Trainee: 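Handing you a structure now.
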Protein chains: 2
Amino acid sequence: MNAPNFSAAHLKVACSNCNLRELCLPVGMALSDLEKVEAIVANGRRVKRGEHLFRAGDRFENLYALRLGFLKSTVTSSDGREQVTGFHMAGELVGLDGISSDAHSCDVVALEDAEVCVIPYPRLEEVASAVPVLRNHLHKVMSREIVREHGVMLLLGSMMAEERLSAFLLNLSQRFEARGYSRSEFVLRMTRAEMGSFLGLKLETVSRVLSRFAQDGLLEVNQKHVRIVDPDGLRNVVSGQATCPPN
Amino acid sequence: MNAPNFSAAHLKVACSNCNLRELCLPVGMALSDLEKVEAIVANGRRVKRGEHLFRAGDRFENLYALRLGFLKSTVTSSDGREQVTGFHMAGELVGLDGISSDAHSCDVVALEDAEVCVIPYPRLEEVASAVPVLRNHLHKVMSREIVREHGVMLLLGSMMAEERLSAFLLNLSQRFEARGYSRSEFVLRMTRAEMGSFLGLKLETVSRVLSRFAQDGLLEVNQKHVRIVDPDGLRNVVSGQATCPPN
DNA sequence: CGTTTCGTTGAAGAGTGTCAAGGCCAGTGG
DNA sequence: CCACTGGCCTTGACACTCTTCAACGAAACG
């Protein structure tokens, strides 16, 4: 743990000129309100690849805004089975699970070196109560998480392996695009096993389906590097349609 | 639609002497704060079996506290597949999905005649901002929903049919008990197909597993009526343990 | 450069889905 | 009161998807 102070200093927060602001905070927020937020957001925290941001059972104190890097969150059943519940990219808020019981109920791990803004929750609640636009935003973020999970339930409950993978890749693609990266070419930060866990499949199945997609000309796959060749083809897979042209 | 006025009058809300208060509102709430809540909670609304409380796409205006009855919520994919995302019992809050986008993203349907308290969301936000204990409660309810869905993802992503059904029945049992009903004997308000949709199984599989449980002496099943004979046996099924005693 | 982790692929098997037939039950109308 | 109807549930046989087990290859790491 060398030079934590340096690291902390380096990560001084400045929402006002953070390029993730529009992902993380409501648009059109008054400068004066922005300052209130900056005032409570502690310095950032670095999480190295493989390290935990927090664990299930940890006391809940902060929300975290992901500034840089890539995270996964997982839940573990009493008998030890692990389920990936989500992957997180820059601009997303993690830790909402902790609000319900003052303790976290899932683990969050960095899949690549990450930096987060630490947001003490009690103080966020205070500010949010006083700043309607922030309060609304916070509620929307939580609600959006609920809706997202509905989508995952649909995926897990009623789709075949190919549809799941296809929906997953399209979702990643869209999120990369929203962050200014290529929507057709990106690197999968997670392993096949982690994808499989998230999608309710075994890693071998994930691998096989990716190979099949590549063979069908939908993707180019090179280990973790993926290029989407035929996005419409992928969308057809999700819709349960055959890859062949409509009759 | 006979006598809507009568119906509305009959359903006048009175949180202060509602026996669901401890499920629905924070404990130890000051009487003065309770009055603020009562002031915004509109008269109740009845939803007959089979009718919608709201539909995906409906403008989001209210949250609903379920006073009486049994609801299901479902999401539908673009190609028409329907997934049950939850079943709701008295004291639970529904409609949180709508906050994210000012429109609902799921359908909620009554599985038996129901009554809900209608809570205009904008006014709830105002009151919640002013009443910390209510604000905290609202946030906890949303967070709890997120955590609940994590559990469903675990179920859908990593459990076998028998484990899913077993976990589902135990969950229902617990919720009935929390409401003062028998934890061992209850009526399933949903069809086999609806259970299957929620659990990511086909109705035939649900039926078969229930029969198997009955044959193994874990349950007595009579159509929609279920009696849990061996709760520990059911718990062992969820843990992935065999039904036989531990070695 | 060995070691480890991760990924790919094949063959065989288990668990669910699909299809089909029939039973049970509540509601309806004769 | 009874037959009829339609929705729901159960059960069997079979097909299919996905998992399991296993071997090997490729990349990452110290």
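Predicted model, so just to flag it, every value in this text is computed and none were measured. Naming: A, B, ... by sequence-line order, numbering from 1 per chain.
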Trainee: Compare the minimum distances between each of C:dG7, D:dC8, D:dC29 and the side chain of A:Arg49, then state the nucleotide with the smallest one.
Mentor: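 That would be D:dC29.
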
Trainee: Mind telling me whether A:Phe198 and A:Phe168 have parallel, tilted or perpendicular rings, with 30° and 60° as the class edges?
Mentor: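 Ring orientation of A:Phe168 relative to A:Phe198: tilted.
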
Trainee: Can any side-chain N or O of A:Arg164 pair as donor or acceptor with the backbone N or O of A:Met159 at less than 3.5 Å?
Mentor: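 Between the backbone of A:Met159 and the side chain of A:Arg164 there is a qualifying donor-acceptor contact (under 3.5 Å).
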
Trainee: Any side-chain donor-acceptor pair under 3.5 Å between B:Glu149 and A:His150?
Mentor: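 There is such a pair between these side chains.
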
Trainee: Between P on D:dC9 and CG on B:Leu219, what's the gap in Å once rounded to a whole number?
Mentor: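 Distance, rounded to whole Å: 15 Å.
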
Trainee: Considering only NZ, NE, NH1 and NH2 on the basic side and carboxylate oxygens on the acidic side, decide whether B:Glu204 and B:Lys202 come within less than 4.0 Å.
Mentor: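 Judged by the 4.0 Å cut-off on N to carboxylate O distance, B:Glu204 and B:Lys202 do not form a salt bridge.
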
Trainee: Got a sec, which pairs hit salt bridge (charged side-chain N to carboxylate O under 4.0 Å, His left out) with one end in residues 83-93 of chain A, sequence neighbours left out?
Mentor: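 Non-adjacent pairs meeting salt bridge (charged side-chain N to carboxylate O under 4.0 Å, His left out): A:Glu92-A:Arg175, A:Glu92-A:Arg179.
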
Trainee: Pick out the pairs of N or O atoms, protein on one side and nucleotides 22-25 of chain C on the other, that lie under 3.5 Å.
Mentor:
none

Trainee: Report the distance from atom CZ of A:Arg81 to atom C1' of D:dT19, rounded to the nearest whole Å.
Mentor: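 One finds 15 Å between C1' of D:dT19 and CZ of A:Arg81, rounded.
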
Trainee: What is the distance from NZ of A:Lys224 to P of C:dT8, rounded to the nearest Å?
Mentor: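 Rounded to whole Å, this separation is 9 Å.
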
Trainee: Can you measure B:Glu163 atom CD to C:dA14 atom C1' for me and round it to whole angstrom units?
Mentor: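 Computing the B:Glu163:CD to C:dA14:C1' distance gives 14 Å.
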
Trainee: Quickly work out the A:Met159 CE to D:dC18 P distance and round it to whole Å.
Mentor: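 The answer, rounded to whole Å, is 13 Å.
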
Trainee: Nearest 0.5 angstrom please: A:Leu96 CG to A:His104 NE2, how far?
Mentor: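 So the CG of A:Leu96 and the NE2 of A:His104 are separated by 9.5 Å.
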
Trainee: For A:Arg183, what residues pass the salt bridge (Lys or Arg N to Asp or Glu O under 4.0 Å) criterion, not counting sequence neighbours?
Mentor: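 Result, salt bridge (Lys or Arg N to Asp or Glu O under 4.0 Å) vs A:Arg183: A:Glu177.
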
Trainee: Please tell me which of the listed nucleotides, C:dC6, D:dC8, D:dT10, lies nearest to the side chain of B:Arg192?
Mentor: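 For the B:Arg192 side chain, the nearest candidate turns out to be D:dT10.
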
Trainee: Below 30° counts as parallel, above 60° as perpendicular, anything between as tilted: where do the rings of A:Phe176 and A:Phe70 land?
Mentor: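 Parallel.
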
Trainee: Looking at B:Glu112 and B:Arg49, is there a salt bridge between them, counting it only when a charged N and a carboxylate O are closer than 4.0 Å?
Mentor: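 No, B:Arg49 and B:Glu112 are not salt-bridged.
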
Trainee: Taking atom C1' of D:dT19 as reference, at what distance in whole Å does atom CD of A:Glu162 sit?
Mentor: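 So the CD-C1' distance, A:Glu162 to D:dT19, works out to 16 Å.
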
Trainee: Round to the nearest Å and state the distance from B:Glu220 atom CD to D:dC9 atom P.
Mentor: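 So the CD-P distance, B:Glu220 to D:dC9, works out to 19 Å.
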
Trainee: Going by heavy atoms closer than 4.0 Å, what residues in residues 195-212 of chain B are next to DNA chain C?
Mentor: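 Under 4.0 Å from DNA chain C: B:Gly200, B:Leu201, B:Lys202, B:Glu204, B:Thr205, B:Arg208.
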
Trainee: Aromatic contact between A:Phe186 and A:Tyr181, with the criterion being ring centroids under 6.0 Å apart: yes or no?
Mentor: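 Judged by ring-centre distance (under 6.0 Å), A:Phe186 and A:Tyr181 do not meet the cut-off.
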
Trainee: Please report the distance, rounded to the nearest Å, between CD in A:Gln215 and C1' in C:dT8.
Mentor: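 Result: 13 Å.
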
Trainee: Without placing hydrogens or testing angles, list every side-chain donor-acceptor pair under 3.5 Å for residues 83-91 of chain A, not counting sequence neighbours.
Mentor:
from    : atom 1 : to       : atom 2 : distance (Å)
A:Gln83 : NE2    : A:Ser197 : O      : 2.8
A:Thr85 : OG1    : A:Ser73  : O      : 3.2
A:Thr85 : OG1    : A:Ser73  : OG     : 3.3
A:His88 : NE2    : A:Ser73  : OG     : 2.9

Trainee: Over its full length, what angle do the end axes of the helix from C:dC1-D:dG30 to C:dG30-D:dC1 make, each axis taken from five pairs and the result rounded to 10 degrees?
Mentor: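 Result, rounded to 10 degrees: 40°.
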
